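Everything on this sheet refers to the single structure shown next.
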Amino acid sequence: MSELHIRHATLSDIDTVLRFWRDAAEGTSISDDHDGVTRLLTRDPEALLLAERDGLLTGTVIAGFDGWRCSAYRLAVHPDHRRQGIATALLEAAEQRFATLGGRRVDAMVLEANEQAHHTWAAAGYQREDHWRRWVKPL
């Protein structure tokens with residue numbers, strides 16, 4: 001098995017990432033479109049991390065930091081490449097980014113129904129906080 005390479009996404013990766021998320025990510029977000037990802041990369045060019053093996057996209061995570069909170073979104077590994085340490089490598093890269101930026105704690109958005117993801121996050125040392133609820137309002 002060849003080496004895993006983790007890098008920052010560029011604007012030229014957007015279409016590939018959106019196709020990847022349709023196959024590998026659970027659920028969709030209102031920002032899962034070309035404009036949404038363009039805004040992310042324009043505002044924070046290092047936020048979207050890609051894992052590649054032999055030039056093939058195998059995983060993603062958005063490691064967003066607004067100066068106050070570290071937020072992890074869109075941790076996704078292609079079904080054909082799961083259980084190979086890709087999610088772990090992506091989370092380690094995200095956590096290193098957060099630490100470099102002065103972050104103190106990571107908040108991860110994880111779908112309730114995605115039990116497989118619960119195991120992944122728990123194995124990486126994350127704990128569920130049931131006393132919080134996410135409140136949203138589309139703009």
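Only a predicted model underlies this, so the values are computations on that prediction, with no experimental measurement involved.
Between E3 and R53 there is no salt bridge, since no side-chain nitrogen of the basic residue lies less than 4.0 Å from a carboxylate oxygen of the acidic one. A salt bridge links R97 to D44: one of the charged nitrogens lies within less than 4.0 Å of a carboxylate oxygen. Between R22 and D32 there is no salt bridge, since none of the side-chain N atoms of the basic residue sits less than 4.0 Å from a carboxylate O of the acidic one.
When side chains are defined from C-beta on, D15 counts as touching H34, because their heavy atoms get closer than 4.5 Å. E95 has its side chain within reach of L91: a pair of non-hydrogen atoms, C-beta onward, lies under 4.5 Å apart. The closest side-chain heavy-atom distance from L49 to T60 is not below 4.5 Å. A heavy-atom distance below 4.5 Å is found between the side chains of R105 and R69.
Heavy-atom minimum distance, S29 versus R74: N-NH2, 3.4 Å. Contact record, A94 with V61: CB-CG1, 4.2 Å, taken as the closest heavy-atom pair.
Note on M109 and V17: same hydrophobic cluster, where clusters join Ile, Leu, Val, Met, Phe, Trp and Tyr whose side-chain heavy atoms are under 4.5 Å apart, directly or indirectly. Connection of L41 to W21 is established within a shared hydrophobic cluster, with ILVMFWY side chains joined at heavy-atom distances below 4.5 Å, either directly or through further cluster members. Follow the hydrophobic side-chain contacts under 4.5 Å out from I62 and you never reach I6; the two are in separate clusters. When the side chains of ILVMFWY residues are joined at heavy-atom separations under 4.5 Å, either directly or via intervening members, V77 and L50 end up in two distinct hydrophobic clusters. Linking ILVMFWY side-chain heavy atoms closer than 4.5 Å, directly or via other members, places V106 and L101 in a single hydrophobic cluster.
For residues 50-93, the set of pairs meeting the ring pair (Phe, Tyr, Trp, His ring centres under 6.0 Å) definition, not counting sequence neighbours, comprises H78-H81.
More than 12 heavy-atom neighbours from other residues, nucleotides or ligands sit within 6.0 angstrom of CZ on R7. Annotation: E129, atom CD; neighbour count of heavy atoms from other residues, nucleotides and ligands within 6.0 Å is above 12.
No donor-acceptor contact under 3.5 angstrom links the side chains of T16 and D13, judged on distance only.
Atoms CD and NE2, on E52 and H5 in that order, are 6.0 Å from each other to the nearest 0.5 Å. Interatomic distance, L11 CG to T42 OG1, rounded to the nearest 0.5 Å: 5.5 Å. The SG atom of C70 sits 10.0 Å away from atom CZ of R104, with the distance rounded to the nearest 0.5 Å.
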Q96/T100 under side-chain hydrogen bond (donor to acceptor under 3.5 Å, both in side chains): CA gap, chis, key distance, verdict: CA-CA 6 Å; Q96 179 59 48; T100 299; 3.1 Å; yes

